Trainee: 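If you scroll down you'll find the structure; I have some questions about it.
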Amino acid sequence: MANSQSATAQATGTTNSGLNSPMTERASEAAHHAVDAMAVKAAAAEDTLRKTAASSQETLAHKQEEIKQQLQSTYSKTHEFAAQNPLATAGIAFVAGMLVTALLRRS
C-alpha cells in the first residue's frame with residue numbers, strides 16, 4: 001500500500017508530509033485498514049460459500065442418481081408385474097380410471 005501511496009504522491013506532485021494534516025492522514029490510514037480487513041473477511045466468506053456450494057452440488061448429484069436408480073427399479077418391477085399378470089393390470093387400470101373420473105366430476 002505504501003508503494004501505491006508514494007506512486008500517487010509522485011504522480012500528483014504531493015506527499016503526505018507536504019499536506020501537513022495529521023488528522024486526514026490518520027483517517028486515511030484507518031480507512032485503508034478497514035478496507036483491508038473487510039477484504040480478508042469477504043475472501044473468507046467467498047471461500048466458505050464456494051465450498052458449501054460444491055458440497056451441495058455433490059450431494060444433489062448423489063441424491064439424483066439414487067432417485068434415478070429407484071425409478072428404474074420401480075419401472076422394471078411394474079413392467080414385470082404387468083407382463084406376468086395382464087388381466088390384473090387391466091383391472092387395476094380400469095379401477096384407477098374410474099377413481100380419477102369420479103374425482104374430476106366432483107370438482
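As the structure is a computational prediction, the values presented were derived from the model and not from experiment.
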Trainee: Using a 4.5 Å cut-off between side-chain heavy atoms of Ile, Leu, Val, Met, Phe, Trp and Tyr, which other residues end up in the same hydrophobic cluster as Met23?
Mentor: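 In the cluster with Met23 there is nothing else; it is isolated.
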Trainee: Could you pull out all donor-acceptor pairs under 3.5 Å where a side-chain atom in residues 39-57 meets a protein atom, sequence neighbours excluded?
Mentor:
from, atom 1, to, atom 2, distance (Å)
Glu46, OE2, Arg50, NE, 3.0
Glu46, OE2, Arg50, NH2, 2.8
Asp47, OD2, Lys51, NZ, 3.3
Thr48, OG1, Ala44, O, 3.0
Thr52, OG1, Thr48, O, 2.9
Ser56, OG, Thr52, O, 3.0

Trainee: Enumerate donor-acceptor pairs with a distance under 3.5 Å from any side-chain N or O in residues 84-104 to protein atoms, sequence neighbours excluded.
Mentor:
from, atom 1, to, atom 2, distance (Å)
Thr89, OG1, Asn85, O, 2.8
Thr101, OG1, Gly97, O, 2.8

Trainee: Using the side chain to side chain contact (heavy atoms under 4.5 Å, CB included) criterion, which residues pair with Glu66? Sequence neighbours excluded.
Mentor: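 By the side chain to side chain contact (heavy atoms under 4.5 Å, CB included) rule, Glu66 matches His62, Lys63.
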Trainee: In chain order, what residues pass the side-chain hydrogen bond (donor to acceptor under 3.5 Å, both in side chains) check against Gln70, with sequence neighbours excluded?
Mentor: none
Trainee: Nearest 0.5 Å, what's the CD-NZ distance between Glu65 and Lys68?
Mentor: 5.5 Å
Trainee: Does atom CD (Gln64) have a neighbourhood of more than 12 heavy atoms from anything else shown, all under 6.0 Å?
Mentor: no
Trainee: Go through the structure and list residues passing side-chain hydrogen bond (donor to acceptor under 3.5 Å, both in side chains) with His79, not counting sequence neighbours.
Mentor: none
Trainee: For Arg105, check salt bridge (Lys or Arg N to Asp or Glu O under 4.0 Å) against everything at least two apart and list the hits.
Mentor: none
Trainee: Clusters formed by hydrophobic residues whose side-chain heavy atoms approach within less than 4.5 Å: which one holds Ile67, and what are its other members?
Mentor: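 Answer for Ile67: Leu71.
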